[in-house]
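Scope of the values below: all heavy atoms of this structure, side chains included, with no hydrogens, waters or symmetry mates. Owing to the predicted nature of the structure, the values given are computational and were not obtained by experimental measurement. Residue numbers start at 1 and run along the sequence shown.
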Amino acid sequence: MVLDFIELKKEDILIAGGKGANLGEMTAASINVPRGFVITANTYRAFLKYNNIEDLIKDKLLEAGNDENKLLDVATYFRQIIKSGRFSEDIEKEITNKYSQLGEDVRVAVRSSATAEDLPDASFAGQQETYLNVRGVDDLLDKVRNCYASLWGNRAVSYRLHQGYDQLAVSIAVVIQEMVESQKAGVLFTVNPVSKKDTEMQINASYGLGESVVSGRVTPDTYIVDKSGEILDISIGSKARQIVYGEKDIIEVQVEEDKRNVRALSDDEIVDLVKTGLSIQDHYGRPMDIEWAIRDGQIYILQARAITTLKNNEIDEDKVKAYLKDMKLSKGIRENLGFLLEKMPFAYRPLDYDFMIAINDQKSKIFAEGGIVINSNPQMDQDGIQTLPDGSKSINKNIFKVLKIIKKIKDFDYCSSKCEEFMTQYRDELDGIKNIDFNKMNLEESKNFLKYSYLLTKKLAYDRFKYAMFPTMIVFDKYSKIIKKVNPSYTAFDFYWGLDNKTALVNNEISLIGQKVLDDSKLKESILSGASFEDLCARFGNFKEMTDEFMKKNGFKSDYNCYCLEAKTFIEEPDRIVNIIKPMLNLDSKDDLNSGEKDFDDLMEKLKDIYGNKYKRLEKDIKHFRYFHIVREESQYLWESLFYYVRKCVSRINMILLDSEDYKTGVANLFLKDLVKAMDRGYLSEEDKANIRRRQEKFPLATRVWEASKLLVFDAKGDLLKGVSGSAGSVVGRVCIIRNTDEFYKMQKGDILVCHLTDPEWTPLFKLASGVVADTGAALSHAAIIAREFNIPAVLGVGFATSRFKDGDMIQVDGDKGIVRGL
C-alpha cells in the first residue's frame, strides 16, 4: 500500500502514477532526489471500498454517460464524499510509520500522481492537486484525501472525456516528498521546447521554492544553453516575488530589488544543471522536463517527465520505424538473437561497439576458416545508431577445409593443451598491465595501449571461442545423449555440476561472507538497514577483511561482460557486493546458503555403471568438457579485467583531448579508427567534434531504435509468453521483478525471479527462487546453466516478462514447454 521511492521503477505507473514511478526510477539511478514515499493507487482503491464509494461512483458514471454537464455534476458529489472518508486503521498506521521515518513533523510536499499522468503520449500534469509545506500526520492524511478528490476535478474529468480515457481506468497515487527549502528553483527542458532543437536546453529559474515558476506566478529568467553548458541566450525575468515557507503554508514575499534584475543562476550552476539534465535524459532515452531546486550549492531533482509537446524531434517514432522497416528475421535468426541480446541488452556507443565487435567477430572468423560465412554482428551507422544483424549466410572456398577443422576441434587433448598455453600467456599479460599509471600517460602512450588492448581482446576472444567454446558445442548433442541415459531430462550442461568455474568460485566466496554476516547480528542489521560498502568497511573490521580478500580474487568481475566502456567491476562499484549479500539474509538459516547444488560424483558413478568398459575414455572426455567451461569463464574474466584498464585509458584520453573524464559524452562517441587518427595528430578535428556532438545528441534515438529492434525478436502474441526452455519442470509462484543488483533485497524465498537477464553475480538469487523467467537468453545463458544446477524451472527469451508482469503477480513457469502463463 505504501512504498519508498527506492522500491519503484519507471514501469510502475499503474501503482505509483507517473510522478511516483519517475521519482523511484531516479532514486534507484542515484540521482539526487529528496527522500519520500508513495501511497499507491491500491490504497486509493482500498479507500473507496472501505468507505463504500466504489460502487456508487460506478453507478453514477453509468447514469451520466458521456454527457459532460452530468459528468461534472456527479464529479462534484464524488469530491465531497471522498473528502469526508476515512482510512482503515491498518493503512493509516502504515502511512504514519512511513512519515515518521522522514523525521518528526518534517515538512513534505503532497503531490497527486494519477496513474495515467506523465505518460509520453498524453500529459495529465497539473490536473490534480499538490500541497506544499504539509506538517504533521493529521494534515498529511487530510491532504491525501484532497488529492484523491482532485482526481474528480472538473478539468480532469473533462480532459479524460475529450481524450477518450475511461473515467474508471484512471486511478491515483499520492507522492509524499521531503521538501527542500530552496534558494533557487525552476524547470529544465533537455530539448528547447520553442525551437525544438535537441542541441539546446532551456532553463527557467527564479528565487525561493519552485512553485513560483511551475505555477506561472513569477516571470523567471530563461537561459538557452547548448549541451556543453555554453550560454546561447539569456532573458532576465522580473522575478518580483518568491514563494517561501510560512508558518502553516507557503507564502509569497517580495524579492529584494538588487536581485531582481540580475541572473538567478551562475555559470557553474548552469553547467551542473546541464550535466544533471543530460544524465536524466540519457537514463530515460528521451527528452525530459525536469523540476529542480538548489540549496547551499546542491542540486535536487523534484520531478522529471517526458516532454510531450515535441512532435518533430530526433526521437519521433517515424524515425525509429524507418530503421526497422526492411528488417526481416527468420525463426532461426530470432532464436540466435535471443542469446545475443542477453549479452547486448542496451545500445552501444561507437567506441564500445568496436570492442564488442572485436569479440563477436572472432566467432565469424572461425566459421569462415571452415568455409561458412555468417553475418552475426549488429550494424552501426555514422550516426551511432545500432540495428540487428541480418543473419545472412554463404560459403567460401575454405569449405573444403571444414572436415579438417572439425577434426582438430574434436581433439580434446589438443584443445586442452592450447587452452593451458594461452591462459598462462594472457594471465601474464594482464599482470604486466596492473603496474601502469594511467593518470601519467601522454597521448602517444594512451594510443599505444588502446591499440594493444583492442588487439589483445581479439586474440583472447579468438582463442576462447576456438579452443574452449567450439569444442563443447560441437559435441553437445552427443554428450546430451550420453547423460540422458541417467535421466531423460538432463542435457550436456548438467556435466557442469559442482564445477569450480569463476561463477561458482565468486558465488561460493560470497556465500561464505553471507554465512559470517548471519553470525554477526550488528553487521547483519547494518546491511539490512541500507549501509553502504564504505560505511560497513569503516565500522566492521571483519567485513573489510573478508571483502578485501574477495576483491583480490574477484574484483574485476563486471556487471556486463560484453561492454567495455559501460561495464563496471566490483572494484568500481563495491556496493554491488552488499546488494548480493542482502537477499541471502532472507534465508531461513546458514545451511540454505549451501543447498541446491547437485552431486557430480554420484552422476559419474551412475555413468560408470551404465557404460562399463567405455567409461574410462568417457571420464577423460568429460574432464576436458568441464575444463573447457572453466576456461570459458576464466578467459571472460581476463577480458573483463582488461576492460577495466581500457576504461582508465579512455578516461585519460578524454581528459587530454576534452579536459574531462566523462568519456561517455566525449570520445566514446568516436569509432576506434577515428580516435586513433585524432591521437596521431594530437587533437580532435572539427569533424571529430561534430561526430561527437551529433552521436551524443542522437544517442536517445539509438537507444529507442535498439529497444524497438529487440522487440522484433520475441513473440508477444496471445495470452502466453513463449520462450525457450532453460531448465525443466513446472512451478507456480509469486513474481519478484529484479532489474539490477540494487533490487536484490526484494527477493524472498520461493519467489519466481523475473528479470531482463542474469549475470554470474545473480547466482545467490537462485538459492531463493522457485523458478526463473528472463526476457533474453537461451540454452547457453548463465540463467539456464545455474537454474539446471539448482533444479528449478527456467524459461528464457520471452521478451516482455519484466513489462508484462509486476511484483506480486502469480504466474506459472513451464520449463518443459518453454512458456510462462499469468494466473
Side-chain angles (χ1 to χ4, degrees), residues 31-36 102-103 105-111 125-126 129-136 139 143 175 177-190 192-194 200-226 228-277 280 288-304:
I31 293 162
N32 193 25
V33 173
R35 296 179 304 159
L102 297 179
D105 283 353
V106 67
R107 300 175 193 266
V108 293
V110 179
R111 302 179 186 275
E129 293 296 333
T130 287
Y131 299 93
L132 304 178
N133 202 21
V134 177
R135 300 183 75 179
D139 192 18
K143 296 302 188 291
V175 172
Q177 186 174 31
E178 186 176 10
M179 288 196 68
V180 176
E181 191 172 6
S182 54
Q183 293 138 340
K184 306 169 184 180
V187 179
L188 180 152
F189 299 90
T190 62
N192 187 334
V194 179
E200 298 175 353
M201 290 187 175
Q202 178 180 302
I203 303 172
N204 299 130
S206 193
Y207 302 116
L209 303 181
E211 184 67 12
S212 61
V213 177
V214 176
S215 65
R217 296 190 211 179
V218 69
T219 303
D221 292 348
T222 297
Y223 307 84
I224 305 298
V225 297
D226 71 17
S228 68
E230 181 184 349
I231 300 172
L232 304 176
D233 184 64
I234 301 176
S235 175
I236 302 294
S238 58
K239 305 187 295 294
R241 302 183 70 77
Q242 63 179 319
I243 294 177
V244 297
Y245 288 166
E247 186 59 35
K248 291 188 176 179
D249 206 335
I250 55 172
I251 57 174
E252 248 184 64
V253 299
Q254 289 191 340
V255 173
E256 298 93 320
E257 286 284 350
D258 60 345
K259 293 173 67 177
R260 295 184 189 182
N261 299 319
V262 297
R263 287 168 47 180
L265 295 177
S266 68
D267 287 354
D268 287 344
E269 287 169 334
I270 288 171
V271 169
D272 289 343
L273 280 168
V274 168
K275 287 180 180 176
T276 303
I280 294 172
M288 299 297 288
D289 166 0
I290 300 161
E291 294 176 30
W292 55 269
I294 295 177
R295 172 78 186 173
D296 297 332
Q298 189 168 8
I299 294 173
Y300 296 86
I301 300 302
L302 310 179
Q303 188 49 251

Do [X] and [Y] touch side chain to side chain, with heavy atoms closer than 4.5 Å?
X: L209; Y: S182; result: yes
X: R111; Y: L132; result: yes
X: R263; Y: I231; result: yes
X: Q254; Y: R260; result: yes
X: I203; Y: W292; result: yes

Could you grab the distance from atom [atom1] of [X] to atom [atom2] of [Y], nearest 0.5 Å is fine?
X: S235; Y: Q202; atom1: OG; atom2: CD; value: 9.5 Å
X: L273; Y: I301; atom1: CG; atom2: CD1; value: 7.0 Å
X: Q183; Y: Q298; atom1: CD; atom2: CD; value: 11.0 Å

Do you know the tightest heavy-atom contact between [X] and [Y]?
X: E200; Y: I224; value: OE1-CG2, 3.7 Å
X: M201; Y: V274; value: CE-O, 3.8 Å
X: G277; Y: T190; value: O-CG2, 3.6 Å
X: V33; Y: Q177; value: CG1-NE2, 3.5 Å
X: L102; Y: R35; value: O-NH2, 2.7 Å
X: Y223; Y: A205; value: CE1-CB, 4.0 Å

### Query
Of V187, L188, I31, T276, which meets side-chain contact (heavy atoms from CB on, under 4.5 Å) against I290?
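One option only clears the test, and that one is L188.
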### Test applied, side-chain contact (heavy atoms from CB on, under 4.5 Å); reference residue, D221; option that passes from I236, L265, V262
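The option that passes is I236.
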#### Entry: Salt-bridge criterion met for R107 and E181 (N-O under 4.0 Å)
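So R107 does not pair with E181 through a salt bridge.
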### Query
Any donor-acceptor pair under 3.5 Å linking the side chain of N32 with the backbone of I299?
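Checked: pair present.
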